[in-house]
There are 2 protein chains.
Amino acid sequence: MSPVRDPDVTRQKILEVAAEEMRVHGYKAASLSEILSKAEVSKGALYHHFANKQELGYAVFEELYAEECLSRWRGALAQEDVLDGICHMLSDFEDQCSDEDIACGCPVNTISQEMAAVDDGFQKQTFNMYQRQARMIEEALLRSSEQGLVKSGIDCEQTALFIVAGFQGIASMMKASRSRETLHKLHAGLADYVQHLRA
Amino acid sequence: MSPVRDPDVTRQKILEVAAEEMRVHGYKAASLSEILSKAEVSKGALYHHFANKQELGYAVFEELYAEECLSRWRGALAQEDVLDGICHMLSDFEDQCSDEDIACGCPVNTISQEMAAVDDGFQKQTFNMYQRQARMIEEALLRSSEQGLVKSGIDCEQTALFIVAGFQGIASMMKASRSRETLHKLHAGLADYVQHLRA
DNA sequence: GAGTATACAAACCGCTTGGTCGGTTTGCAA
DNA sequence: TTGCAAACCGACCAAGCGGTTTGTATACTC
C-alpha cells in the first residue's frame with residue numbers, strides 16, 4: 001500500500017493547487033497560505049520542496065503551464081494538413097473550455113504580462129515558451145511549403161511569430177471580454193488568416 | 001501667480017505618477033507609499049482626491065491609458081488610406097518607443113491580464129476599451145470598403161476584432177521578449193495581414 | 001475680517017504576506 | 001533494533017500593505 005508520506009505526491013499536489021491559484025489570481029496575488037490550506041499541506045512541507053515562492057512559480061510555469069501549451073501545439077502541427085490542424089485546435093479549444101477558463105485566460109499570457117517586466121526569470125521562461133511555439137510553427141510551415149500546401153512567397157519565421165501573437169492576443173481579449181461570442185469571432189478571424197496562407 | 005494649493009494640479013500629479021508605477025509594476029504591486037513619495041504628496045491628499053486604490057486605478061486607466069490608446073487609433077484611422085494609416089502607426093510606434101516601453105508592454109493589456117478575472121470594474125473598462133477600438137476600425141473598414149479600397153468579401157466586424165487582437169498579441173510578445181527585433185518582425189507580420197485586405 | 005468648506009499633513013492601525021526555525025515524525029538501511 | 005536523513009509541522013516574525021483619523025493650514029464667500 002501507499003506510504004503515509006510520499007514526497008512526490010506531496011510536491012505534485014502543491015504544484016497543482018498553486019497552478020490553479022495562480023491561474024485565477026496571478027502570481028503575486030496567489031497566497032501561499034491559501035495554497036497550503038487548499039492542498040492540505042503545511043508550510044514546512046512547501047518550503048521543504050521549494051526554496052521560495054519564486055521557485056514554486058517557476059516550477060508551476062515550466063512543469064504545468066508550458067507543458068499543456070506545447071502539447072496542444074504538438075497535436076495541431078502533427079496533422080498532415082497543418083493549416084487545418086491549427087483551425088481544428090481552435091475549435092476544439094472553444095468547445096472544451098469552460099466559462100471559468102474564458103475568464104481566467106491563458107496562464108502563460110497572464111503570468112507573462114504580470115511578471116515579465118519585473119522578474120528576469122519569468123521573462124526568460126515566457127519568451128522561451130513563445131520562441132519554442134514559433135519555432136514549431138515555422139518548421140511546420142516550411143514542411144508544408146515544400147509540400148506545396150502553403151503559398152511559396154511567405155516568410156515562415158515572420159508568419160509563425162505572428163500566429164503566436166495572434167493566439168496571445170485572442171487570449172487577452174477572451175479574458176477581457178468574458179464572452180464566448182467574442183472568442184468565436186476572434187477564432188474565425190485567425191482561422192481566416194491561417195487559411196489564406198494556403199497555396 | 002499660481003496658488004500654493006491647486007487641487008487639479010495635485011490630482012493630476014498623483015494620477016501621472018500612479019500611471020507610471022502601474023505601468024511598471026502592475027496594479028496590485030504598485031505601492032501607494034511609493035506613489036506618494038514619488039509624487040511628493042501626502043496620504044491625506046491622495047485619499048482626498050480618490051476614495052481608494054481601486055478608484056485611483058480606474059481613473060488612471062480611463063483618463064490616461066485609454067486616452068493615449070484611443071488617440072493613437074484616431075490618428076491612424078483618420079488617414080485617407082486606412083490600411084497605410086495603420087501600418088504607419090506601427091512603424092511610428094516602433095521608432096518612438098524606448099527600451100523601457102518595450103519592457104513594460106501595453107498598460108491596457110497588462111492591467112487587463114492582471115485584473116480582468118478578479119475585478120469586474122477593470123474587466124468592464126478593458127473590454128469597453130477593446131470594443132471601442134474594434135468599432136472604430138470596423139467603421140473605417142466599412143468606409144474603405146465602400147470606397148473600393150479594401151476587398152469586398154471581408155467581414156469587417158470580425159476583421160476589426162482580429163486586428164485589435166493582433167495588436168494585443170504583439171504587445172504581449174513584445175513585453176515577454178524585450179526584443180526590438182522581435183517587435184519588428186511582429187509588426188511586419190501584422191502589416192502584411194493588413195495590406196492583404198487591400199482590394 | 002469672520003466664517004467655513006476645501007485641501008492637505010502625518011501619525012496610526014489592523015491585517016496579510018512571504019519566510020524562518022526548532023522540533024517531531026516517518027521510512028529505510030545497516 | 002538502532003541510527004539517521006528526509007519529510008513534515010506549525011508557531012512565530014518583521015515588513016509592507018491599504019486605509020482611517022485627527023488635526024491644521026489654505027482659499028474662497030459673504
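Proteins come first, then strands; the chains are lettered A, B, ... in the order of their sequence lines, and each starts at number 1. Quantities reported herein were computed from a predicted structural model and do not represent experimental measurements.
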Nucleotide [N], atom [atom2] - distance to [atom1] of [X] in whole Å:
X     : N      : atom1 : atom2 : value
A/R11 : D/dA6  : CZ    : P     : 17 Å
B/L36 : C/dC8  : CG    : P     : 13 Å
A/L32 : D/dC13 : CG    : P     : 20 Å

**Asked** Just to confirm, is there a sub-4.0 Å distance from OP1 or OP2 of D/dC8 to any side-chain nitrogen or oxygen of A/T10?
**Response**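 Yes, within the criterion.
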**Asked** Closer than 4.0 Å, any side-chain N/O of B/S33 to the OP1 or OP2 of D/dG16?
**Response**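 No, outside the criterion.
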Under the ring pair (Phe, Tyr, Trp, His ring centres under 6.0 Å) rule, collect the residues that match up with [X], sequence neighbours excluded.
X      : value
B/F61  : none
B/Y58  : B/F122
B/H184 : none

**Message:** Check B/K13 with B/D8, please: is the shortest side-chain N to carboxylate O separation under 4.0 Å?
**Reply:**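 Between B/K13 and B/D8 there is no salt bridge, as every charged N stays at least 4.0 Å from the carboxylate O atoms.
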**Item:** Salt bridge present between A/R178 and B/D120 (N-O < 4.0 angstrom)
**Value:**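 Looking at A/R178 and B/D120, the cut-off is met.
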**Message:** Filter on side-chain hydrogen bond (donor to acceptor under 3.5 Å, both in side chains), then keep only pairs touching residues 127-153 of chain A, sequence neighbours left out; what's left?
**Reply:**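 Residue pairs with at least one partner in residues 127-153 of chain A: A/Y130-A/Q168.
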**Request:** Not counting sequence neighbours, list each pair that qualifies as a side-chain hydrogen bond (donor to acceptor under 3.5 Å, both in side chains) and has a residue in residues 73-89 of chain B.
**Result:**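 For residues 73-89 of chain B, and leaving out neighbouring residues, the side-chain hydrogen bond (donor to acceptor under 3.5 Å, both in side chains) pairs sorted by first residue read B/E67-B/R74, B/D81-B/R198, B/D84-B/Q195, B/D84-B/R198.
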**Asked** In residues 38-57 of chain A, which ones come under 4.0 Å of DNA chain C, going by heavy atoms?
**Response**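 A/K43, A/Y47, A/N52, A/K53 - these, ordered by number, are the residues of the stretch whose heavy atoms sit under 4.0 Å from the strand.
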**Item:** Those residues of residues 19-30 of chain B lying under 4.0 Å from DNA chain C by at least one heavy atom
**Value:**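 Within residues 19-30 of chain B, no residue comes under 4.0 Å of DNA chain C.
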Taking only residues two or more places apart in sequence, or in another chain, which ones meet [X] in a salt bridge (Lys or Arg N to Asp or Glu O under 4.0 Å)?
X     : result
B/E94 : none
B/D99 : B/R180
A/R23 : A/E20, A/E100, A/D101

Side-chain donor-acceptor contacts of residues 157-166 of chain A below 3.5 Å, not counting sequence neighbours, with atom names and distances?
{"unit_1": "A/E157", "atom_1": "OE2", "unit_2": "B/K185", "atom_2": "NZ", "d": "2.6"}
{"unit_1": "A/Q158", "atom_1": "NE2", "unit_2": "B/D192", "atom_2": "OD2", "d": "3.0"}
{"unit_1": "A/T159", "atom_1": "OG1", "unit_2": "A/D155", "atom_2": "O", "d": "2.7"}

**Request:** Rounded to 10°, tell me the angle between the two end axes of the helix from C/dG1-D/dC30 to C/dA30-D/dT1, each built from five pairs.
**Result:**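 Between the first-five-pair axis and the last-five-pair axis there is 0°.
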